[in-house]
Amino acid sequence: DAGVTQSPTHLIKTRGQHVTLRCSPISGHKSVSWYQQVLGQGPQFIFQYYEKEERGRGNFPDRFSARQFPNYSSELNVNALLLGDSALYLCASSHITGNYGYTFGSGTRLTVV
Amino acid sequence: QKEVEQNSGPLSVPEGAIASLNCTYSDRGSQSFFWYRQYSGKSPELIMSIYSNGDKEDGRFTAQLNKASQYVSLLIRDSQPSDSATYLCAVELNSARQLTFGSGTQLTVLP
């Protein structure tokens, strides 16, 4: 059974550009969350989506947006990239209820130059 | 005060020893607690979850939770060099399905 898949694995962008990151959850998981992890820190929550609706949003600017599709896959979009957006972007999938953990994908390493 | 705090580390233990990793959290509404292991350049991997006070054992790993003290810990028995990684403590409020992570503790197990 496939785990959480993310694409692309690595990405280099220039300041001011836009980026789209993609995530497919584990089969049967309907909730997808996005996290940003900068070097030396723990992941920081960006968004959670369930049934195509935003269920939670972290303390990130409006340049960050996301959506979830009917097949439960998700996209994270970041506009007007800044150098500080360079990080590992992680997608996590989970069941929406019950005591289940979150399974992370392998992440997308974004470098903004 | 950070919401989730972990030993600053780094922590080094000899092979075969017990490694003890600690975490405190500030929100008393926290209901679910997780330990993730993260190898350098990789994504976090869930190794333990705990939801009620007490101990939970899984192989060489034991998670301990004390909600009154707002404290959760991870013990790794018979530490192996392959356990060398950063260990992340994560806390979840049931009312908001999002994880709050500590900064992680880097563990090195010396052969």
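First the proteins, then the strands, lettered A, B, ... as listed; each starts at 1.
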Practice problem: Check step by step if side-chain contact (heavy atoms from CB on, under 4.5 Å) holds for B:F101 and A:Q37. | Solution: CA-CA 10 Å; B:F101 284 85; A:Q37 186 177 25; over 6 Å; no

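Follow the hydrophobic side-chain contacts under 4.5 Å out from A:L21 and you reach A:L83 in the same cluster. A:V32 and A:V19 fall within the same hydrophobic cluster, defined by Ile, Leu, Val, Met, Phe, Trp and Tyr side-chain heavy atoms under 4.5 Å apart, directly or through other members. A:F60 and A:Y89 end up in the same hydrophobic cluster when Ile, Leu, Val, Met, Phe, Trp and Tyr side chains are linked at under 4.5 Å. The hydrophobic clustering, which links ILVMFWY residues whose side-chain heavy atoms are closer than 4.5 Å, places B:F33 and B:M48 together. No chain of hydrophobic side-chain contacts below 4.5 Å, direct or via other Ile, Leu, Val, Met, Phe, Trp or Tyr residues, connects A:W34 to A:Y72.
Heavy-atom neighbours of A:N59 CG from other residues, nucleotides or ligands within 6.0 Å: at or below the threshold of 12. Around atom CD1 of A:I12, no more than 12 heavy atoms belonging to other residues, nucleotides or ligands sit under 6.0 Å away. Heavy atoms of other residues, nucleotides or ligands lying less than 6.0 angstrom from CZ of A:R63 number more than 12.
At a 4.5 Å heavy-atom cutoff, A:F47 makes no contact with chain B through either its backbone or its side chain. If you measure heavy-atom distances from B:E45 to chain A, you find no contacts under 4.5 Å at all.
In this structure, B:S43 and A:V4 have side chains that are not in contact, with every pair of non-hydrogen atoms separated by 4.5 Å or more.
Of all the heavy atoms in B:L46 and A:G101, the pair that sits closest is CD2-CA, 3.9 Å. For A:P43 against B:L88, the heavy-atom pair with the smallest separation is CD-CD1, 3.9 Å.
Here the OG-CG distance, from A:S94 to B:L99, works out to 8.5 Å after rounding to the nearest 0.5 Å. The OG1 atom of B:T86 sits 11.5 Å away from atom CD of A:Q41, with the distance rounded to the nearest 0.5 Å. Atoms OG1 and CZ, from B:T100 and A:F45 in turn, are 9.0 Å apart once rounded to the nearest 0.5 Å. In this structure, A:R57 CZ and B:Q98 CD are separated by 12.0 Å, a value rounded to the nearest 0.5 Å.
Side chain of A:Y102 to backbone of B:F34: no donor-acceptor contact under 3.5 angstrom is found.
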